[in-house]
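First up is the structure itself, then whatever we jot down about it.
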Amino acid sequence: MSPIYTPGKVVLRQQYVPLDANYPNVSLLLHGDGPNGSTIITDNSPSPKTVTVLGNTQISTAQSKFGGASIAFDGTNDNLRLETATISNYFGTDLFTIELWMYRAGNGSGGDPSVLFDGILGGNSGTTSVCGVYIRRADRKVSFFDGATLFETTSSITNNVWHHIAVTRDGSNNLKVFIDGVAGVASSTSRNISSSSLLYVGSDNTSAVSGNGNHFYNGYIDDLRITKGIARYTSNFTPPTAPFPDI
């Protein structure tokens with residue numbers, strides 16, 4: 001608090017400093033907190049989405065980066081569906097930042113047998129393609145697919161270790177995929193990543209396109225945040241050391 005001096009008295013004025021100046025641009029914020037086994041998963045963004053839990057997806061205290069719990073996916077028909085939240089709500093032609101902490105336990109299942117990826121987050125971007133964040137099952141490289149081009153890191157994540165993953169597109173259409181704050185791929189895309197498809201967490205939405213079923217993720221996700229209109233990271237950075245703020 002800072003003092004305001006007036007004749008005969010001192011009045012203390014409270015100064016409010018936002019913890020996240022870009023919080024109004026946050027379109028999804030999943031902390032994954034709660035009691036073990038809970039299927040109530042809350043979106044703490046300024047415009048909360050209804051989160052539908054599918055399969056055995058649940059809150060787990062077995063692993064967490066922050067808060068003592070995270071969202072657990074067993075890799076078989078487990079995901080979250082964000083009701084009324086289409087891809088156009090998140091990406092379109094705008095700047096964006098997708099980031100999350102992930103603890104991968106092993107390969108997931110499902111999807112096109114010729115495309116062996118785990119879907120971390122995604123939907124479909126048209127009648128013939130999907131888009132989202134993926135982990136290649138064979139070598140654990142991280143990628144972002146914009147519906148036409150795959151942007152894949154040269155480095156890999158390690159199973160059973162917490163990693164911070166981020167994907168950003170800036171105002172010059174530069175797209176970067178980061179692992180633990182280090183850019184593993186940098187390229188460009190001006191593609192309009194937009195669809196009427198709902199967005200999923202813990203898988204993509206391949207089943208809506210190919211009929212082969214979704215690519216499911218096996219592991220834990222903590223503090224997933226999507227920021228629309230902001231590229232939070234444009235160069236290498238130190239990953240967050242605390243949960244993402246709700247204000």
Side-chain angles (χ1 to χ4, degrees), residues 26-34 37-45 47-60 63-67 69-91 96-105 107-111 117-125 130-135 137 142-147 157 162-167 177 193 195-209 213-228 243-244 246:
V26 173
S27 55
L28 182 69
L29 179 56
L30 303 181
H31 289 303
D33 294 337
S38 173
T39 57
I40 298 175
I41 297 176
T42 303
D43 174 16
N44 291 101
S45 72
S47 300
K49 316 301 186 296
T50 298
V51 181
T52 298
V53 174
L54 302 173
N56 295 319
T57 310
Q58 60 186 278
I59 299 296
S60 173
Q63 290 292 337
S64 73
K65 182 62 182 180
F66 303 116
S70 62
I71 307 170
F73 305 85
D74 67 14
T76 304
N77 299 321
D78 277 12
N79 54 15
L80 304 176
R81 186 175 65 226
L82 306 179
E83 307 298 345
T84 72
T86 65
I87 294 174
S88 58
N89 291 146
Y90 294 99
F91 310 125
F96 64 83
T97 302
I98 306 166
E99 57 184 317
L100 64 135
W101 288 93
M102 61 176 296
Y103 183 104
R104 186 176 185 271
N107 287 346
S109 64
F117 291 92
D118 296 337
I120 306 304
L121 176 147
N124 75 68
S125 60
V130 297
C131 70
V133 182
Y134 291 88
I135 305 294
R137 290 174 186 165
V142 182
S143 61
F144 178 77
F145 187 59
D146 70 356
I157 64 166
W162 281 104
H163 291 282
H164 183 266
I165 305 300
V167 180
V177 181
I193 308 170
S195 172
S196 60
S197 165
L198 296 181
L199 198 65
Y200 287 74
V201 176
S203 78
D204 57 7
N205 193 16
T206 306
S207 59
V209 176
N214 295 343
H215 298 84
F216 292 99
Y217 167 71
N218 178 15
Y220 303 85
I221 291 177
D222 206 350
D223 260 35
L224 186 156
R225 181 173 69 181
I226 297 176
T227 309
K228 180 75 176 293
F244 298 135
D246 295 345

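Residue numbers start at 1 and run along the sequence shown.
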Which residue, Ile120, Leu80, Val51, forms the side chain to side chain contact (heavy atoms under 4.5 Å, CB included) with Val201? Leu80

All salt bridge (Lys or Arg N to Asp or Glu O under 4.0 Å) counterparts of Asp223, not counting sequence neighbours: none

So OG of Ser64 and CH2 of Trp162: to nearest 0.5 Å the spacing works out to 6.5 Å

Ser197 versus Gly123, closest heavy-atom pair with distance: OG-CA, 4.0 Å

To the nearest 0.5 Å, what is the distance between NZ (Lys49) and CG (Leu82)? 8.0 Å

Is there a side-chain contact between His163 and Val142 (heavy atoms, below 4.5 Å)? no

Atom pair CZ (Phe73) and CG (Asp78), whose distance is rounded to the nearest 0.5 Å: 7.5 Å

On a heavy-atom basis, the closest approach of Phe91 and Lys228 is O-CE, 3.1 Å

Provide the closest heavy-atom pair for Ser45 versus Val26 in the form atom of the first, atom of the second, distance. CB-O, 3.7 Å

Rounded to the nearest 0.5 Å, the OG1 atom of Thr50 sits from the CG atom of Asp43 at a distance of 9.0 Å

Test your reading of the model: is there a side-chain donor-acceptor pair from Arg137 to the backbone of Phe117, 3.5 Å cut-off? yes

If only atom types and distance count, is the side chain of Asn214 paired as donor or acceptor with the main-chain N or O of Asp204 below 3.5 Å? yes

Separation between CD1 of Ile71 and CD1 of Ile221, rounded to the nearest 0.5 Å: 6.5 Å

Give me the atom names and distance for the closest heavy-atom approach of Phe66 to Pro243. CB-CG, 3.5 Å

Nearest 0.5 Å please: distance from the CG atom of Leu29 over to the CZ atom of Arg225. 7.0 Å

Closest heavy-atom pair, Thr42 versus Leu30, reported as atoms and distance to 0.1 Å, is O-CD2, 3.5 Å

Exam field: side chain Asp118 to backbone Ile135, donor-acceptor pair closer than 3.5 Å: no

Would a 4.5 Å heavy-atom cut-off, applied to side chains only, mark Lys65 and His164 as touching? no

What are the two closest heavy atoms between Ala69 and Gly34, and how far apart are they? CB-O, 3.7 Å

Report yes if some heavy atom in the side chain of Phe216 is under 4.5 Å from a heavy atom in the side chain of Asn77; otherwise report no. yes

Dump the intermediate steps for side-chain hydrogen bond (donor to acceptor under 3.5 Å, both in side chains) on Ser70 and Gln63, then the final yes or no. CA-CA 6 Å; Ser70 62; Gln63 290 292 337; over 6 Å; no

Using the six-membered ring wherever Trp is involved, compare the ring planes of Phe96 and Phe144 and label them parallel, tilted or perpendicular (cut-offs 30° and 60°). tilted

